[in-house]
Amino acid sequence: MSAMIGKRGVHYLQKLKSANIPIAVIEKGQNRVIDASLTLIRERAKLKGELVRALGGAVASTSLLGVPLGHNSSFLQGPAFAPPRIREAIWCGSTNSTTEEGKELNDPRVLTDVGDVPVQEIRDCGVDDDRLMNVITESVKLVMEEVGIRSITKEGREQGKRFGVEQYEMRTFSRDRQFLENLKLGEGVKGVYISVDVDCLDPAFAPGVSHIEPGGLSFRDVLNILHNLQADVVAADVVEFNPQRDTVDGMTAMVAAKLVRELTAKISK
């Protein structure tokens, strides 16, 4: 159904173009749809800011934003269904809402859920993926590190060099562990953005991913890197959780939720 609706949006755009409607007119309409679609998120974020200022005692706090995007996956599209499953795991009764650093997620100065980006609604009006991601990330300055790679291709190595991404492979992790667990990032930039790909973990810890590759990081390896990281973390994402393959009683959902909690503690100050 998702793929069919997405194609309908693309076909609608192609029909408009074939009718010789100026691109500027189409883009103006798309901009209105994008702005309307994101209004609720903006207003929730504004309310969150007002609450934080009224309560006081916080320098920075975290907003939880879901991005149900999976139609352009190279293999399976299940990650599009991840945001609600992660939210469910964050607030389920089997665990508490306190991070390992002692921060309480129920405090709006620590975490506020601002909903999901309405990806499908935006795609339905013909907005392409590059423009969609620009809407989400245009104001974020990225500082990237890539840790936990197992089977990297020659193309992957070349892309890393081209985009300035430092890569640390699992075959040398024991040698690099001390360095990675004492990282200092972000000197000279406004902030650090962390992206945690769930399939960097060994499938023993996170089986619910599209690309299963044995020999990955343990969950505690990842937490040690995050907890010890010296950086002004301003934003983060948790990606590649696929609920459709999470067959072990929601195990990977809990892993993703724990990552969200600990990243929240890193961002909130």
Side-chain angles (χ1 to χ4, degrees), residues 48 52 57-67 79 82-114 116 140 142-148 168 170 173 176-186 191-209 216-243 246 248-269:
K48 172 257 185 76
V52 170
V59 176
S61 95
T62 305
S63 295
L64 179 63
L65 175 66
V67 184
R85 293 295 301 275
I86 294 174
R87 285 189 178 91
E88 180 184 357
I90 290 173
W91 304 113
C92 77
S94 69
T95 184
N96 59 55
S97 59
T98 304
T99 72
E100 291 194 4
E101 295 184 0
K103 293 184 179 179
E104 177 55 59
L105 299 189
N106 285 318
D107 187 337
R109 291 170 295 187
V110 175
L111 177 66
T112 301
D113 190 346
V114 296
D116 290 349
V140 179
L142 302 181
V143 176
M144 296 187 296
E145 294 282 332
E146 206 165 65
V147 181
Y168 298 91
M170 284 308 300
F173 181 71
D176 298 328
R177 178 189 294 273
Q178 185 175 2
F179 171 72
L180 292 172
E181 291 184 354
N182 293 278
L183 279 175
K184 186 174 183 180
L185 298 176
V192 172
Y193 186 106
I194 297 176
S195 182
V196 181
D197 189 327
V198 176
D199 63 16
C200 73
L201 293 162
D202 190 272
F205 301 94
V209 297
L217 295 162
S218 75
F219 189 70
R220 184 51 59 180
D221 289 334
V222 174
L223 286 188
N224 286 343
I225 292 171
L226 292 178
H227 286 162
N228 296 328
L229 177 64
Q230 300 177 58
D232 179 18
V233 180
V234 296
D237 61 48
V238 176
V239 299
E240 291 301 332
F241 164 45
N242 185 344
D246 195 16
V248 189
D249 297 326
M251 175 179 173
T252 313
M254 294 300 295
V255 166
K258 175 84 169 178
L259 287 169
V260 170
R261 285 199 297 269
E262 299 308 313
L263 286 166
T264 294
K266 201 74 182 176
I267 296 168
S268 303
K269 303 174 183 66

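Side chains are part of it too, since the values below use all heavy atoms of this structure and drop only hydrogens, waters and symmetry mates.
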Hey, does the side chain of K258 reach the backbone of F219 with a donor-acceptor pair shorter than 3.5 angstrom? no

State whether the side chain of D246 and the backbone N or O of A253 hold a donor-acceptor pair below 3.5 Å, judged by distance alone. yes

Using a strict cut-off of less than 4.0 Å between a Lys/Arg side-chain nitrogen and an Asp/Glu carboxylate oxygen, indicate whether R261 and E100 qualify as a salt bridge. no

So, does K103 use its side chain to make a donor-acceptor pair with the main chain of S268 at under 3.5 Å? yes

Note: A58 and V52 closest approach over all heavy atoms is CB-CG1, 4.0 Å

How close do A204 and M251 get, counting heavy atoms only, and between which atoms? O-CE, 2.9 Å

Which atom names give the shortest non-hydrogen contact between G216 and D202, and what distance separates them? N-OD2, 3.1 Å

One should read off an interatomic distance between I90 CD1 and T95 OG1, to the nearest 0.5 angstrom, of 11.0 Å

How about L263 and V233: do any of their side-chain heavy atoms sit closer than 4.5 Å? no

Contacts of E101 that satisfy side chain to side chain donor-acceptor pair (under 3.5 Å) - sequence neighbours left out: none

After noting the C-alpha distance and the side-chain angles of R85 and T252, does the key distance pass the side-chain contact (heavy atoms from CB on, under 4.5 Å) rule? CA-CA 10 Å; R85 293 295 301 275; T252 313; over 6 Å; no

Separation between CG of L259 and CZ of F241, rounded to the nearest 0.5 Å: 11.5 Å

Evaluate the side-chain contact (heavy atoms from CB on, under 4.5 Å) criterion for residues R87 and L64: first the C-alpha distance (whole Å), next the side-chain angles of each, then the deciding distance (0.1 Å), finally the verdict. CA-CA 9 Å; R87 285 189 178 91; L64 179 63; 4.2 Å; yes

NE2 of H227 to OG1 of T99, rounded to nearest 0.5 Å, is 7.0 Å

D237 and S195: which non-hydrogen atoms are nearest, and at how many Å? OD1-OG, 2.5 Å

So CG of N182 and CG of L229: to nearest 0.5 Å the spacing works out to 10.0 Å

In short, K48 meets S63 closest at the heavy-atom pair NZ-OG, 2.8 Å

Heavy atoms only: give me the nearest I267-S61 pair and the separation to one decimal. CG2-O, 4.2 Å

Before you tell me yes or no, could you show the steps for C92 and M254 under side-chain contact (heavy atoms from CB on, under 4.5 Å), namely the whole-Å CA-CA distance, both residues' side-chain angles and the distance that decides it to 0.1 Å? CA-CA 9 Å; C92 77; M254 294 300 295; 3.9 Å; yes

